[in-house]
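Data block below; observations after.
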Amino acid sequence: MKTPLRFAIIYLLFGCVALYLHLHTTLVVPSLKPLDRFPQQQADWRMTSEWSFSAGVLDVLKAADYISRQYTDGEGNKVTLYVGYHSGGKDAGGIHSPKHCLPGSGWFEVSSQRGTLDLQQGPLKVVRAIYQKGEQKELFLYWFQVRGRSLSDEYSLKLAEITNSLLYRRVDSAFIRISVPFETDQAKAVALGERFAKEFHPLLQEFLPR
């Protein structure tokens, strides 16, 4: 291929990319329902606490909608649920990975393992992580969700966002985190978190876009 023709093709490709970036706009996709309508009771779980973040935290988080709640079952077991929904758009922020946020808050990662959780609707990709701060230990069971798909790593999340941006003009995503404090019985904490996820997952799908 002659040099002038090669340069012409390269300039044409750059021009097409520049035109695409100039004309491409990302859609803002609202949640199906506001998260503050998320049920306060499910099975034998009931909401016992709810937290609102400060303006400074929200400015960093840049979630379009969120809930941060504690639920307690009939036996007094406590589980904290955080759901952050990011709707896309120019001013929207992306999801902050727990791998960065938790150590920044003083938590030390003891273990972390990606896997699946068998649900009636199909397998759910999750991360089961144990973190410790001082004498306090906590199980964090979390996953990302993009257009109905569960993802358990940041690379897959970024790839899904890029693909959806190109194909559908969407970069909306959600982060779901379930945390269970424990002292010595890690297996019980894992079982409790998984039971909570199984019982609440169908409800989440009524709020998060597909």
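These numbers come from a predicted model, not from an experiment.
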Inset, instruction - Give the intermediate values and the outcome of side-chain contact (heavy atoms from CB on, under 4.5 Å) for residues F38 and L204. - result: CA-CA 8 Å; F38 194 77; L204 285 168; 3.7 Å; yes
Inset, instruction - Answer whether the closest heavy-atom distance between the side chains of R170 and P209 falls below 4.5 Å. - result: yes
Inset, instruction - Could you pull out the closest heavy-atom pair between P181 and K78, with the gap in Å? - result: CD-O, 3.8 Å
Legend entry - P123 versus D118, closest heavy-atom pair with distance: CB-OD1, 4.5 Å
Legend entry - Value rounded to 0.5 Å, distance of CD1 in I176 from CG in L208: 5.5 Å
Legend entry - Any donor-acceptor pair under 3.5 Å from H201 side chain to Q120 backbone: no
Inset, instruction - Please lay out, stage by stage, how Q205 and R210 fare under the test side-chain contact (heavy atoms from CB on, under 4.5 Å). - result: CA-CA 8 Å; Q205 307 319 303; R210 301 181 65 88; 4.1 Å; yes
Inset, instruction - State, yes or no, whether a side-chain contact exists between S150 and W143 at a heavy-atom distance under 4.5 Å. - result: yes
Legend entry - Residue pair Y131 / E138, side-chain donor-acceptor N/O under 3.5 Å: no
Inset, instruction - Could you tell me whether the side chain of I178 reaches within less than 4.5 Å of the side chain of V79, counting heavy atoms only? - result: yes
Inset, instruction - Please identify each residue that fulfils side chain to side chain contact (heavy atoms under 4.5 Å, CB included) with V171, with sequence neighbours left out. - result: T26, S165
Legend entry - Ring-ring centroid check F53 Y66, cutoff 6.0 Å: yes
Inset, instruction - Indicate, with yes or no, if L139 and F144 share a hydrophobic cluster defined by side-chain heavy-atom contacts under 4.5 Å among Ile, Leu, Val, Met, Phe, Trp and Tyr. - result: no
Legend entry - Min side-chain heavy-atom separation E206-L32 under 4.5 Å: no
Legend entry - Common cluster, F200/L35, ILVMFWY with side-chain heavy-atom separation under 4.5 Å: yes
Inset, instruction - Could you give me the CA-CA distance, side-chain angles and deciding distance for K137 and V110, then say whether side-chain contact (heavy atoms from CB on, under 4.5 Å) is met? - result: CA-CA 9 Å; K137 292 182 181 180; V110 177; over 6 Å; no
Inset, instruction - Indicate yes or no: at least one non-hydrogen side-chain atom of R37 is less than 4.5 angstrom from one of F207. - result: yes
Inset, instruction - If a pair satisfies salt bridge (Lys or Arg N to Asp or Glu O under 4.0 Å) and one of its residues is in residues 146-162, list it, with sequence neighbours excluded. - result: R114-D153, K158-E161
Legend entry - Minimum heavy-atom distance between V29 and Y85, given as atom pair plus value: O-OH, 2.6 Å
Inset, instruction - Determine the minimum heavy-atom distance between S112 and V127, stating which atoms define it. - result: OG-CG1, 3.5 Å
Inset, instruction - May I ask you to decide if L102's main-chain N or O and K133's side chain share a donor-acceptor pair within less than 3.5 Å? - result: no
Legend entry - Atom pair CG (L157) and CD1 (I95), whose distance is rounded to the nearest 0.5 Å: 5.0 Å
Inset, instruction - Mind jotting down which residue pairs meet the salt bridge (Lys or Arg N to Asp or Glu O under 4.0 Å) criterion with at least one end in residues 181-205? Sequence neighbours excluded, please. - result: D44-R195, D73-R195, R128-E194, R195-E199
Inset, instruction - Indicate yes or no: at least one non-hydrogen side-chain atom of S49 is less than 4.5 angstrom from one of R69. - result: no
Inset, instruction - Find the distance between CG (L81) and CD (E50) and round it off to the nearest 0.5 Å. - result: 10.5 Å
Legend entry - Gap separating the CD atom of Q70 from the OG1 atom of T80, nearest 0.5 angstrom: 5.0 Å
Inset, instruction - Answer with yes or no whether the hydrophobic clustering places L124 together with V190; edges join I, L, V, M, F, W, Y residues whose side-chain heavy atoms lie under 4.5 Å apart. - result: yes
Inset, instruction - Could you state whether V83 and L58 fall into the same hydrophobic cluster, counting links through intermediate Ile, Leu, Val, Met, Phe, Trp or Tyr residues with side-chain heavy atoms under 4.5 angstrom apart? - result: no
Inset, instruction - Go through T48 and Y71 one step at a time and tell me if the side-chain contact (heavy atoms from CB on, under 4.5 Å) criterion holds. - result: CA-CA 6 Å; T48 49; Y71 286 83; 5.8 Å; no
Legend entry - Side-chain (N164) to main-chain (A160) donor-acceptor, under 3.5 angstrom: yes
Inset, instruction - Measure the shortest side-chain to side-chain distance between L203 and Q42 over non-hydrogen atoms and say whether it is less than 4.5 angstrom. - result: yes
Legend entry - From OG (S31) to CG (D65), nearest 0.5 Å: 5.0 Å
Inset, instruction - Work out which heavy atom in F175 is nearest to a heavy atom in P98; give both atom names and the distance. - result: CZ-CG, 3.3 Å
Inset, instruction - Tell me whether L141 is reachable from Y82 by hopping between hydrophobic residues (I, L, V, M, F, W, Y) whose side-chain heavy atoms are closer than 4.5 Å. - result: no
Inset, instruction - Indicate the atoms forming the closest heavy-atom contact of V60 with H96, along with that distance. - result: O-NE2, 2.9 Å
Legend entry - Centroid separation F140 to W107 less than 6.0 Å: yes
Legend entry - Between CD on residue Q132 and OG on residue S111, distance to nearest 0.5 Å: 10.5 Å
